[in-house]
Amino acid sequence: MVVELNHSLTSVIPESALLILIGWILGGIIYGADKMQTFTLTPTVFFFYLLPQVILDAGYFMPNKLFFSNMGAILVYAVIGTCWNAATVGLGLWGCWLGGAMGDIDIGLLQFLLFGSLIAAVDPVAVIAVFEEVHVNEVLFIMVFGESLLNDGVTVVLFNVFDAFVSLGGAEIDAVEIIKGIISFFVVAFGGSLVGIIFALLISLLTRCTKNIQIIEPGFIFILGYLSYLTAEMLSLSAILSIVFCGICCQKYINANMDERSVTTVRYVMKVFANGSETIIFVFLGISAIDPAVWVWNTGFILLTLLFIFVFRFIGVFLLTWILNKYRLVPLEFIDQVVMSYGGLRGAVAYGLVAMLDENKFKEKNLMVSTTLIVVYFTVMLQGITMKPLVTWLKVKRAAVTELTLAEKIQNRTFDHMLVAIEDISGQIGHNYMRDKWHNFEERWLCWFLMKPSARKSRDYIFNIFHQLNLKDAMSYVKEGERRGSLAFVRNETKADVDFNKKFRASFSEIMPDIMADNMGPDHVPLSSILQDIVPSVCLVMHEQDLTMRESEDFNAHHLLQQHLYRGRKQHRHRYSRSHLETNRDENEVQEIFQRTMRSRLESFKSAKMGVAPAKKIQTKHQKKDKPQKMPNGNSSDKSKNHPYGDKGTCSLLFTSLLHYMKWLNACFELIITLESAVDFVVRL
């Protein structure tokens, strides 16, 4: 909270670096009190309790279209690039050790390769923390972010392979063992991804059946997502890749199946867990450094590690990009390659892996731990702080601040269809063709299997765009009304009439059942007219209105209050329920008010514009007025004309004041009814 109070500080120093500094301070306090470091980040806590939440959040909020459009390049960087970094760093350190640059340390070739595999892990937590502050363009961000996300899974698989080789011993390794290691690498990686996809399908199917248990349906997302991680770990597969693809593949279907409030709950709770885990991770990375027992200094080993991870990443990124640009429609520019090379930040994944090493097999474990901590601090702090100035100096293309307009979206969709047609005509099968085939397969089979019928019917793209535009219009109307002090300008705007009943027929009645049931009869009214007519003219600035309008409002004050006010029923007490959230509010009363208001607006619209006589109102005994009886001399027996309060002037003054007060009440109540009707109408729309 202290860090977030000053955004000028976080704009210069990344939040992850500030959290590490806080960890140093806390570690110093703990060490000064206990004379030893009693709190450390253990691998069990990190890999089973902190990392899954961060990875699930990253997968769930992954921009799928960008990710799968650049899937080939991301896999090249994540698989081939990680293997390149691990092999070159390990072999480079081994060569320098043979040359005597590190002194007398007890490390062999396999141990150097193992250290190279764990130090090659580009941490997604650190990458997200830094690149979100920089706001680079979408393609560059998805390249770095996607690579770091899949890179973790590949790194863990490589680490396990080399750890098995170290346990086996260098003399026992032959060509057969190497082939087994390569096969196990792909089996573990693709097997973990398959487990994640299976659990994503299971979550999507479960959310089809949670209509009556909406209060607990968000819990299924977290429980089954975590179970995908544990299941892959139990089967010795890649748990990180499992939970990544679980989040990526389930987000579309569960967002369509679940209630909107449940979707909001999932998003916020997932962000809370992820941010809390990130904070704990970086703070404990700082606390772990304040422990003299883990520090072993070797200048040659540490400096050469920093040099090799920096140089070989640059070489690997430029070499792989040179190959990819031969096949990419939009090649990656030189500046983007520099940022990708410089953005290889190391984090807690590397520290968690190095902490898992067995001291009996690795005599120089503390040296590796010390070097890993220095690499993490160097990349997160130095590279994180200098990332934003570098992006500004290189004039890297930034992400668009504004959202795409409707015309731009239509143009992009049209361009996508044109690319698919060109590939189809020319006989070439590209990613546009494959994406179109996958889209057809998904619409025909997956949506039918994984989505609720109501969710499938409400996925009309034109209607969704119309819904979004209406929401924007409603919000702009309210803001403009607050600025002007009146909603009268809404009546003067003209809108095109759209007959949605004719367009959607039965589907539209299912999407908007409450409105269609009461208002759409044989003499239906276009929706735009209803929207235009349900918003009354309300003005709270009473002293600015002219006298004529005041007199007309005085004349209609009692009528309007009688029309819109509703005699409230006795409200139900709030009851406890395990499966539903109840509020102290009678929903039937609000629904009746809304339906009655809509019905009266429709009748007034028909009578004014269609020449239809308004329906006669049925007067109840409460609405009947006693007619004044006439006396034999022709005078009325009504004594209301006799003023008991004095002369007529005083009575007129009191009556005028009362009318002004009622006029003010009318404005307030009509504004409340209008806002409730508009919000209820937009929600049903």
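Taking the side chain as every heavy atom from C-beta outward, T279 and V283 approach each other to under 4.5 Å. With contacts defined as side-chain heavy-atom distances shorter than 4.5 Å, the pair F159/V354 does not qualify. The side-chain heavy atoms of F273 and E278, taken from C-beta on, include no pair separated by under 4.5 Å. Within the 4.5 Å cutoff, no side-chain heavy atoms of L194 are placed close to those of F199. For the pair I203 and F220, the minimum side-chain heavy-atom distance is 4.5 Å or more. Residues K252 and L450 form no side-chain contact, since every pair of their non-hydrogen atoms from C-beta on lies 4.5 Å or further apart. Within the 4.5 Å cutoff, the side chain of Y60 has heavy atoms near those of the N255 side chain. V195 places none of its side-chain heavy atoms less than 4.5 Å from the side chain of F245.
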**Report entry** Worked check of side-chain contact (heavy atoms from CB on, under 4.5 Å) between L41 and I287
**Finding:** CA-CA 8 Å; L41 183 63; I287 292 176; over 6 Å; no

Query raised in the report: Run the side-chain contact (heavy atoms from CB on, under 4.5 Å) check on I30 and I290 step by step: do they pass?
Result: CA-CA 9 Å; I30 295 170; I290 312 301; over 6 Å; no

Query - side-chain contact (heavy atoms from CB on, under 4.5 Å) between T42 and F46, intermediate numbers included - result: CA-CA 6 Å; T42 61; F46 174 72; over 6 Å; no

**Report entry** Check against side-chain contact (heavy atoms from CB on, under 4.5 Å), L140 and V144
**Finding:** CA-CA 6 Å; L140 180 58; V144 179; 4.3 Å; yes

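Rounding to the nearest 0.5 Å gives a distance of 11.5 Å between CG of L446 and NE2 of H439. To the nearest 0.5 angstrom, L241 atom CG is 12.5 Å from C246 atom SG. To the nearest 0.5 angstrom, Q383 atom CD is 16.0 Å from Y377 atom OH. Taken from CG in L227 to CD in E233, the straight-line distance is 13.5 Å, to the nearest 0.5 Å. Atom CZ of residue R346 and atom CG of residue L306 lie 10.0 Å apart, to the nearest 0.5 angstrom. The line from CD1 of I374 to OG1 of T379 is 11.5 Å long, rounded to the nearest 0.5 Å.
Taking both residues in full, the closest heavy atoms of S288 and L373 are given as O-CD1, 4.4 Å, listed atom of the first, atom of the second, then distance. Summarising the geometry of P14 relative to V380, their closest heavy-atom pair is CG-O, 4.4 Å, with the distance given to 0.1 Å. Counting all heavy atoms, side chain and backbone alike, M387 lies closest to G343 at CE-CA, 3.6 Å. When all heavy atoms of A86 and L158 are compared, the pair lying nearest together is CB-CD1, 4.2 Å. Listed here is the closest heavy atom pair of N64 and I248: ND2-O, 3.3 Å. When all heavy atoms are compared, the tightest approach of S238 to V157 is CB-CG2, 4.2 Å.
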Enumerate donor-acceptor pairs with a distance under 3.5 Å from any side-chain N or O in residues 47-58 to protein atoms, sequence neighbours excluded.
| unit_1 | atom_1 | unit_2 | atom_2 | d |
| --- | --- | --- | --- | --- |
| Q53 | OE1 | S277 | OG | 3.1 |
| Q53 | NE2 | Y49 | O | 2.5 |
| D57 | OD1 | K271 | NZ | 3.4 |

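The number of heavy atoms from other shown groups lying within 6.0 Å of CZ (F314) is above 12. The neighbour count for F61 CZ, taken as heavy atoms of other residues, nucleotides or ligands under 6.0 Å away, is above 12. Within a 6.0 Å sphere centred on CD of E408, other residues, nucleotides and ligands contribute more than 12 heavy atoms.
Remark: aromatic rings of W24 and Y31 are distant, center separation not under 6.0 Å. Between Y226 and F222, the ring centre distance reaches or exceeds 6.0 Å.
Judged by distance alone, with hydrogens and angles left aside, the side-chain atoms of N137 form no donor-acceptor pair with the main-chain N or O of V396 at under 3.5 Å. For R208 (side chain) and F449 (main-chain N/O), a donor-acceptor pair under 3.5 Å exists by modelled atom type. For the pair T207 (side chain) and S204 (backbone), a donor-acceptor distance under 3.5 Å is present. With hydrogens and angles disregarded, a donor-acceptor distance shorter than 3.5 Å links the side chain of N151 to the backbone of V122. Looking only at distances, no side-chain donor or acceptor of R313 sits under 3.5 Å from a matching main-chain atom of Y342. Q251 places a side-chain N or O within donor-acceptor distance of the main-chain N or O of M62, the cut-off being under 3.5 Å. With hydrogens and angles ignored, the 3.5 Å screen pairs no side-chain donor or acceptor of Q337 with any backbone N or O of V317. Of the possible donor and acceptor atoms, one in the side chain of N257 sits under 3.5 Å from a partner among the backbone N and O of Y253. A distance-only check finds a donor-acceptor pair linking the side chain of S242 to the backbone of S228 [under 3.5 Å]. Side-chain atoms of S262 never come within 3.5 Å of backbone atoms of M258 as a donor-acceptor pair (strictly under, hydrogens ignored).
Of the charged side-chain nitrogens involved, none lies within less than 4.0 Å of a carboxylate oxygen, so that K211 and E217 do not count as a salt-bridged pair. A salt bridge does not link R267 to E260: none of the charged nitrogens lies less than 4.0 Å from a carboxylate oxygen.
Listed by chain and number, the residues in a salt bridge (Lys or Arg N to Asp or Glu O under 4.0 Å) with D416 are K65, R435 (sequence neighbours excluded).
In this structure, F186 and F190 have parallel ring planes: the angle between them is below the 30° cut-off, well short of the 60° mark.
Side-chain N/O atoms of Y77 and N70 include no donor and acceptor closer than 3.5 Å.
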